[in-house]
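Some notes on the structure that comes next.
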Amino acid sequence: MEGAPGLAKTTAVKALARHLHAPFQRIQFTPDLLPADLTGTDIWRPQEGRFEFQPGPLFHSLLLADEINRAPAKVQSALLEAMGERQVTVGGRTYALPALFLVMATQNPIEHEGTYALPEAQLDRFLMHVKVGYPDAAMESRILALVRGEARHLAAGTAADVPEGEGLDTRMVMQARAEVLDLHMAEPLERYIVEIVLASRDAQPYDATLAARIAWGASPRGTIALERCARAHAWLAGRTFVTPEDVQAVAPDVLRHRILPSYEASADGWDGGRLAERLLELVPVP
Ligand SMILES: Nc1ncnc2c1ncn2[C@@H]1O[C@H](COP(=O)(O)OP(=O)(O)O)[C@@H](O)[C@H]1O
Ligand SMILES: [Mg+2]
């Protein structure tokens, strides 16, 4: 999740964590963070005369990597490697991460001072890159009311908890995942997804101007992510089949960090999300 400070990025992930009955950990990324602060480390146990592995915050089901671009590359790659491989190696031994493992990361826009941009190749490991914008007047008023309500609760010592029986546990998430995979996806729709990704690599057959705006297209991870997210979007709408609209709804967020604009296009305000939107206008809908 990317957006300017104060747009409730942290608040949003914490709200998700409150409703997910699984181990949650927030890590504030700072310039002095070390890879071992994430993975954990071998601790010497003098009584037993041996080292014992002390698992780090990575071994939680939901992890908030807050302000991920404030930590240097070594720490970022320790996290991104774990996300790619679902395991962590410390002191020559490999440890599996939990079956339910979700990393949410926030970052301030990269122009901000004192930040380290995440390497493009590694960004690919995130399923989506969501941008958070400023709220409008009506929304600002609702935020005021909401925050006032929270402050009253806090003062009264009745901080809003998730009511008994609400929220999701690990089993329910796994069940939902299985259902998402079982949704029907027609053959032409699968070809549509592939064609969008191929067009991101070579848009020449569609539009020469657009082709010149793209320096780098999406990888097969992008194809897989687009298919998964379109399915999830259909599932959330309560349907048993996936439509082109599902693909179109998720494509900008799925492709934003996977399509790299050329230097000139970037200077003209094009980002991967906008390029993806343009591709959706060009690729024929089945
Ligand atoms: N859309 C919103 N809905 C609810 N609260 C909001 C919203 N935008 C901002 N806030 C409030 O603004 C404050 C800043 O939010 P925070 O999550 O710390 O921002 P960020 O992590 O993006 O810097 C919080 O107290 C939050 O409740
Ligand atoms: Mg924050």
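As a basis for the values below, the full set of heavy atoms in this structure was taken, side chains included, without hydrogen atoms, waters or symmetry mates. Remember, it's 1-based here, ligands and their atoms both numbered in the order they're listed. Quantities reported herein were computed from a predicted structural model and do not represent experimental measurements.
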Looking only at N/O atoms, are Met139 and ligand 1 under 3.5 Å apart anywhere? no
Atom 23 (O) of ligand 1 protein-contacted, heavy-atom criterion under 4.0 angstrom: yes
Quick one: which of Gly3, Ala8, Ala15 has a heavy atom closest to atom 10 (N) of ligand 1? Ala8
Can you tell me if an N/O/S atom from Thr11 lies under 2.8 Å from the Mg ion (ligand 2)? no
Should the pair Glu277-Arg274 be classified as a salt bridge under the 4.0 Å nitrogen-to-oxygen rule? no
Between Lys131 and Asp271, is there a side-chain N and carboxylate O pair less than 4.0 Å apart? yes
Among Val283, Thr223, Val242, Val254, find the residue that satisfies the side-chain contact (heavy atoms from CB on, under 4.5 Å) test when tested with Ile193. Thr223
Where ligand 1 meets Thr10 - atom numbers and elements under 4.0 angstrom, heavy-atom basis: 17 (O), 21 (O)
For Leu183 and Trp235, work out which heavy atoms get closest and say how close. CD1-N, 3.7 Å
With a heavy-atom distance limit of 4.0 Å, tell me whether Ile143 approaches ligand 1 through its side chain, its backbone, both, or neither. side chain
Relative to the heavy atoms of Pro5, which atoms of ligand 1 are at a distance of less than 4.0 Å? 23 (O)
If you measure from each heavy atom of Pro135 to ligand 1, is any distance below 4.0 Å? no
Output the distance between atom CD (Glu281) and atom CD (Gln248), rounded to the nearest 0.5 Å. 10.5 Å
Numbered in order shown, the ligand 1 atoms found under 4.0 Å of a heavy atom of Leu146 are 4 (C)
Hey, which of Asp66, Asn69, Thr10 is the one that makes side chain to side chain donor-acceptor pair (under 3.5 Å) with Thr106? Asp66
Considering only NZ, NE, NH1 and NH2 on the basic side and carboxylate oxygens on the acidic side, decide whether Asp42 and Arg93 come within less than 4.0 Å. no
If I apply the N/O under 3.5 Å rule, does Glu150 come out as touching ligand 1? no
Take atom CH2 in Trp270; do more than 12 heavy atoms of anything else shown fall under 6.0 Å from it? yes
Please check whether Val147 reaches ligand 1 - meaning an N/O of the residue sits under 3.5 Å from an N/O of the ligand, judged on distance alone. no
Region of Thr106 that comes within reach of ligand 1 [heavy atoms, distance under 4.0 Å]: neither
Which is closest to atom 12 (O) of ligand 1 by heavy-atom distance: Ala12, Ala145, Gly6? Gly6
Answer whether the closest heavy-atom distance between the side chains of Phe101 and Met83 falls below 4.5 Å. yes
Atoms of ligand 1 close to Thr11 [distance to a heavy atom under 4.0 angstrom, numbered from 1]: 15 (O), 16 (P), 17 (O), 24 (C), 26 (C)
